[in-house]
Number of protein chains: 2
Amino acid sequence: MATTPISGRQKNRRQENEKAILWAAERVFAEAGYGGATMQLIADLAGLPKANIHYYFQTKEELYRRVVSNIFNIWLEAAAFDETASPAEGIGAYIDAKMDLSRTHPHGSRVWASEVMHGAPIIQDYLEDVLIEWTEGRIGVIQNWIDQGLMNPISPRHLLYLLWATTQHYADFGHQIETLNNGEPLSDAQWEDAKNSVKAIVLTGIGVTDPHRGV
Amino acid sequence: MATTPISGRQKNRRQENEKAILWAAERVFAEAGYGGATMQLIADLAGLPKANIHYYFQTKEELYRRVVSNIFNIWLEAAAFDETASPAEGIGAYIDAKMDLSRTHPHGSRVWASEVMHGAPIIQDYLEDVLIEWTEGRIGVIQNWIDQGLMNPISPRHLLYLLWATTQHYADFGHQIETLNNGEPLSDAQWEDAKNSVKAIVLTGIGVTDPHRGV
DNA sequence: AAAGTTCTTGACCAAACGGTCAGGAAACCG
DNA sequence: CGGTTTCCTGACCGTTTGGTCAAGAACTTT
């Protein structure tokens with residue numbers, strides 16, 4: 001009775017090992033890039049022999065693809081906005097959500113950025129399917145807001161690019177930001193400051209003022 | 001007399017070869033990352049045997065360092081703003097200049113982004129010396145504008161980050177933007193559109209309106 | 001034209017890479 | 001328990017990598 005014979009012990013182990021490998025792979029791919037990452041480094045960080053990594057993920061590319069698609073799904077699920085909200089609420093909440101993602105998932109953001117920067121050789125299909133559809137949906141929402149006179153008539157597409165660029169910058173260029181912050185990571189207060197600054201510029205820029213603040 | 005025996009023929013050749021190698025290296029590093037780039041690929045693209053590359057640049061790291069520092073210098077020289085201009089003129093021109101750089105030097109921008117994203121292992125000294133100084137100077141300029149009441153009191157630092165992020169996004173994520181543009185590169189008109197959209201959001205966002213346009 | 005310097009290059013390493021495999025250990029199931 | 005499947009891993013392999021080298025070609029200088 002000391003060792004409770006849990007049914008599905010193997011299944012648990014499998015999940016844990018896959019999780020550990022994906023966790024390690026995300027970090028190694030983020031720090032070294034796809035080409036610079038080695039299966040040995042991933043194995044060491046995951047605390048498993050290299051051959052075991054290949055038992056769960058047959059090739060480096062398969063492992064990488066899993067890492068990238070995980071990130072993409074997190075990003076899609078965690079951050080969206082729809083037409084039920086006002087522009088100030090919708091875009092404000094989107095900025096908050098994406099800034100939080102940059103803080104909690106910086107490695108993932110960097111893997112994604114690296115992949116896109118190098119021409120998206122592995123996940124081009126994601127771009128062409130899911131991302132195009134998502135983007136066109138959001139452009140429609142913003143255009144509706146404009147048509148209803150709820151915000152300035154700026155190009156929805158370029159507004160989206162500005163939002164992506166700015167929020168992800170805090171993850172992708174986190175090292176540069178840290179260097180410009182005396183080598184220290186941003187504190188809680190500094191993250192709040194960053195979020196508020198971005199929201200102040202963008203919400204004013206599109207002609208909606210934060211309803212909870214006078215100027 | 002058919003072949004004019006130019007003195008310094010070797011010197012010319014040296015310059016041309018170094019130029020060709022740096023040109024090729026910038027592209028290969030941008031497309032494959034530091035780890036994924038191979039000296040053989042660079043050699044092939046430069047049209048020289050691999051051993052010759054090593055004659056001009058002893059190691060891969062030395063070549064890479066030259067590429068990155070070239071980019072950094074172009075970026076510093078081509079884009080700046082000082083207090084002689086108004087915020088609208090200064091920041092507007094800065095956006096124009098950086099957007100143009102993103103269009104004309106996308107590879108360089110990507111190499112720089114990759115390097116910073118992976119923790120700046122090679123050019124950390126640049127970040128700590130030149131970039132910190134440059135940034136603090138620009139923050140001072142913006143703070144002066146704010147103190148004189150010429151623009152809204154937003155955080156100069158986060159405004160800079162937003163400007164860097166947004167303008168460089170058009171180079172670093174150019175592939176994604178292209179995919180979202182039916183696989184076509186942005187046309188001249190679309191680039192103008194992008195520049196105007198960014199300027200419209202940012203200049204309105206900081207409380208200065210483009211003097212040459214009514215709302 | 002001879003001597004000296006710089007440049008060029010095919011052939012060649014040692015090291016590191018992604019991936020394989022056989023055979024043993026552990027867990028599951030009847 | 002015994003049979004079957006799943007999991008684990010040290011040793012190994014072919015390939016590619018960054019880098020070297022020696023011998024010759026090209027250019028410069030005297």
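Please read these numbers as outputs of a predicted model, since none were measured by experiment.
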Please tabulate the protein-to-nucleotide N/O contacts below 3.5 Å involving nucleotides 14-19 of chain D, giving atom names and distances.
unit_1 : atom_1 : unit_2  : atom_2 : d
D/dG18 : OP1    : B/Ala37 : O      : 3.1
D/dG18 : OP1    : B/Lys60 : NZ     : 3.2
D/dG18 : OP2    : B/Met39 : N      : 3.0
D/dG18 : N7     : B/Lys50 : NZ     : 3.2
D/dG19 : OP2    : B/Lys60 : N      : 2.6
D/dG19 : N7     : B/Lys50 : NZ     : 3.0
D/dG19 : O6     : B/Lys50 : NZ     : 2.7

_Less than 4.0 angstrom from a charged side-chain N to a carboxylate O is my criterion; do A/Asp100 and A/Lys195 meet it?_
yes
*asked:* Just to be sure I understand the geometry, which residues of residues 17-26 of chain A put a non-hydrogen atom under 4.0 Å away from DNA chain C?
replied: none
*asked:* So if I apply the side-chain contact (heavy atoms from CB on, under 4.5 Å) rule between B/Leu162 and each of B/Val202, B/Ile201, B/Val198, B/Ile154, which one comes out positive?
replied: B/Val202
*Is the side chain of B/Asp82 donor-acceptor paired with the backbone N or O of B/Thr84 at a distance under 3.5 Å, no angle test?*
yes
*When rounded to the nearest 0.5 angstrom, what distance separates CG in B/Leu41 from OG1 in B/Thr38?*
3.5 Å
*Does the side chain of B/Arg13 get closer than 4.0 angstrom to OP1 or OP2 of D/dA26 through an N or O atom?*
no
*Please state whether the phosphate of D/dT6, meaning OP1 or OP2, lies under 4.0 angstrom from any side-chain nitrogen or oxygen of A/Arg14.*
no
_Spacing of A/Asn52 atom CG relative to D/dA11 atom P, expressed in whole Å_ = 16 Å
*Under 4.0 Å: is that the gap between some side-chain N or O of A/Tyr55 and OP1 or OP2 of D/dC7?*
yes
*Is the backbone N or O of A/Ala88 less than 3.5 Å from a side-chain atom of A/Lys199, with the two atoms forming a donor-acceptor pair by type?*
no
_Applying a 4.0 Å non-hydrogen cut-off, can you work out what A/Tyr56 is touching in the nucleic acid: base, sugar-phosphate, or nothing?_
sugar-phosphate
*Separation of B/Ile53 atom CD1 from C/dG10 atom C1', in whole Å?*
15 Å
*Flag the pair B/Glu18 and B/Arg14 as a salt bridge only when some basic side-chain nitrogen lies within less than 4.0 angstrom of an acidic carboxylate oxygen.*
yes
*Please check if atom CD in B/Glu62 has more than 12 non-hydrogen atoms from other residues, nucleotides or ligands closer than 6.0 Å.*
yes
*Have a look at A/Trp23 and tell me which of A/Lys19, A/Arg27, A/Glu26 forms a side-chain contact (heavy atoms from CB on, under 4.5 Å) with it.*
A/Arg27
